[in-house]
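For reference, the structure is listed below as structure tokens.
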Amino acid sequence: MLVAQDLERLYGEFAAVKGVSLELRPGRIVGLVGNNGAGKTTTIKMLIGLLDPTRGKVEIEGVSTRQPKTRRKLGYLPEESPLYDDMNALDYLAFFGTLYDVPRKEGVRRGEILLTRLGLAKDAWRKAIGTLSKGMRRKIAIARCLLHEPPVLVLDEPTSGLDPGTAHELDAFLRELRSEGKAILLSAHNLGQVEELCDEILVMHRGKLVARGTLQDLRSTFGTVQYRVKATLPFPGSQPDAAIHAATVARLADVEAALSHVKREGGIVLEVESLFPSLEDIMRRVSSEEHG
Ligand code: ATP
């Protein structure tokens, strides 16, 4: 659907993005993660045709996203999306639709459907946008980027700054969009959200994609499994934890040593749990390897 090849962007001598290639396909959510300054926004701007790459290209079905016609296939949600505070949601959406040649009446119809799906209470549809809460405004911004029915969505921090309930609702909506076949790029600092939602994760560091794959792929490449052993009596390396004794160990041999110690002393091993690294652990590791 959307293919980006070997994107590079220089600002003077400084390369903000170096050799990024990626693909967005229908029915998949790709997560783009990285620390501040990693190059995510610069990459996104090139993907949506807002910024010319110094090298490389971005195409949707073989046509550059620099072409206005192709941009109609894209829905873009910026991190900060200014809305027209004096307008009401439906007028605003209908107005936005007309910029994409969606007739006004059809814009209102689509707006009503989207706002309903997004769970925006009906009595808010005709209120001035400026009087609505942050979560409501975010829903209107999301409706706006879907109004012209684009097959590709680029979403920059769709739920940042929202309360957990609203964020959860929007995550459920993103899952629905995926199952309807949208090709989605999700840039987010909330790594838990990326772990939950994304079919593929791209880790960006200093302008490069330094890791990519499913969470499981990243775990097997960059993560190390640890083990948490819990027992009724102390064993080497354990700490008291409420009424029991527990230790986190890195090697299976340490697990075995703990098991035999506890058994020898007449105690009981209550649990051996595998601890998988989180995306956060993986990112920390990727960044420190790059520094080293
Ligand atoms: P954040 O998570 O903080 O938004 P980011 O991953 O989106 O960060 P970018 O905004 O793409 O990162 O910036 C990547 C690098 O390019 C940074 O070092 C930034 O200072 C630099 N940069 C971005 N835009 C410009 C510009 N217009 N001129 C010069 N340097 C820029």
Side-chain angles (χ1 to χ4, degrees), residues 2-24 29-60 64-66 71 74-83 134 137-138 141-142 144-145 152-162 167 170-171 174 183-213 215 218 222 278-292:
L2 179 146
V3 179
Q5 277 174 348
D6 200 21
L7 292 179
E8 181 180 273
R9 175 68 200 196
L10 299 176
Y11 289 115
E13 301 267 285
F14 175 70
V17 172
K18 306 175 216 174
V20 166
S21 298
L22 61 89
E23 201 175 321
L24 303 181
I29 303 181
V30 174
L32 181 62
V33 299
N35 297 332
N36 292 127
K40 303 177 300 290
T41 307
T42 308
T43 302
I44 286 176
K45 284 186 181 162
M46 290 191 280
L47 293 181
I48 63 169
L50 262 186
L51 185 70
D52 260 331
T54 311
R55 197 184 67 213
K57 59 182 179 179
V58 186
E59 292 178 342
I60 295 182
S64 166
T65 53
R66 291 296 278 170
R71 274 194 238 168
L74 271 167
Y76 169 50
L77 178 77
E79 186 173 359
E80 304 280 338
S81 46
L83 304 168
K134 189 169 179 182
R137 294 159 63 85
R138 202 62 180 149
I142 292 173
R144 181 186 74 191
C145 83
V152 182
L153 296 174
V154 175
L155 309 174
D156 198 352
E157 293 285 356
T159 61
S160 91
L162 303 184
L170 289 178
D171 283 353
L174 295 186
I184 302 173
L185 181 87
L186 170 71
S187 172
H189 279 117
N190 176 349
L191 300 180
Q193 181 188 32
V194 172
E195 283 187 355
E196 278 292 309
L197 285 180
C198 295
D199 303 290
E200 185 186 4
I201 299 170
L202 310 176
V203 183
M204 202 161 187
H205 185 66
R206 295 184 176 173
K208 284 192 209 155
L209 290 185
V210 290
R212 67 198 308 161
L215 182 58
L218 296 184
F222 294 98
S278 65
L279 183 53
E280 195 174 339
D281 299 328
I282 292 167
M283 279 186 57
R284 217 175 292 127
R285 168 107 187 260
V286 165
S287 311
S288 67
E289 276 182 8
E290 278 280 308
H291 281 297

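Starting from 1, each residue takes its place in the sequence as its number. Numbering of ligands and ligand atoms starts at 1, following listing order.
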Whether Ser187 side chain and Glu157 backbone form a donor-acceptor pair below 3.5 Å: no
Listed once per pair and sorted, the salt bridge (Lys or Arg N to Asp or Glu O under 4.0 Å) pairs that draw on residues 31-53, sequence neighbours left out: Asp52-Arg66
The single option from Glu23, Lys57, Glu59 that satisfies side chain to side chain contact (heavy atoms under 4.5 Å, CB included) with Gln5 is Lys57
Taking Glu8 for the side chain and Gly56 for the main chain, is one N or O donor matched with an acceptor at less than 3.5 Å? no
Is there side-chain contact between Leu155 and Leu174, with heavy atoms separated by less than 4.5 Å? yes
Going by side chain to side chain contact (heavy atoms under 4.5 Å, CB included), Arg212 matches just one of Leu22, Val203, Ile201. Which one? Leu22
Under a strict 4.0 Å criterion on non-hydrogen atoms, which protein residues are in contact with ligand 1? Tyr11, Phe14, Ala16, Asn35, Asn36, Gly37, Ala38, Gly39, Lys40, Thr41, Thr42, His189
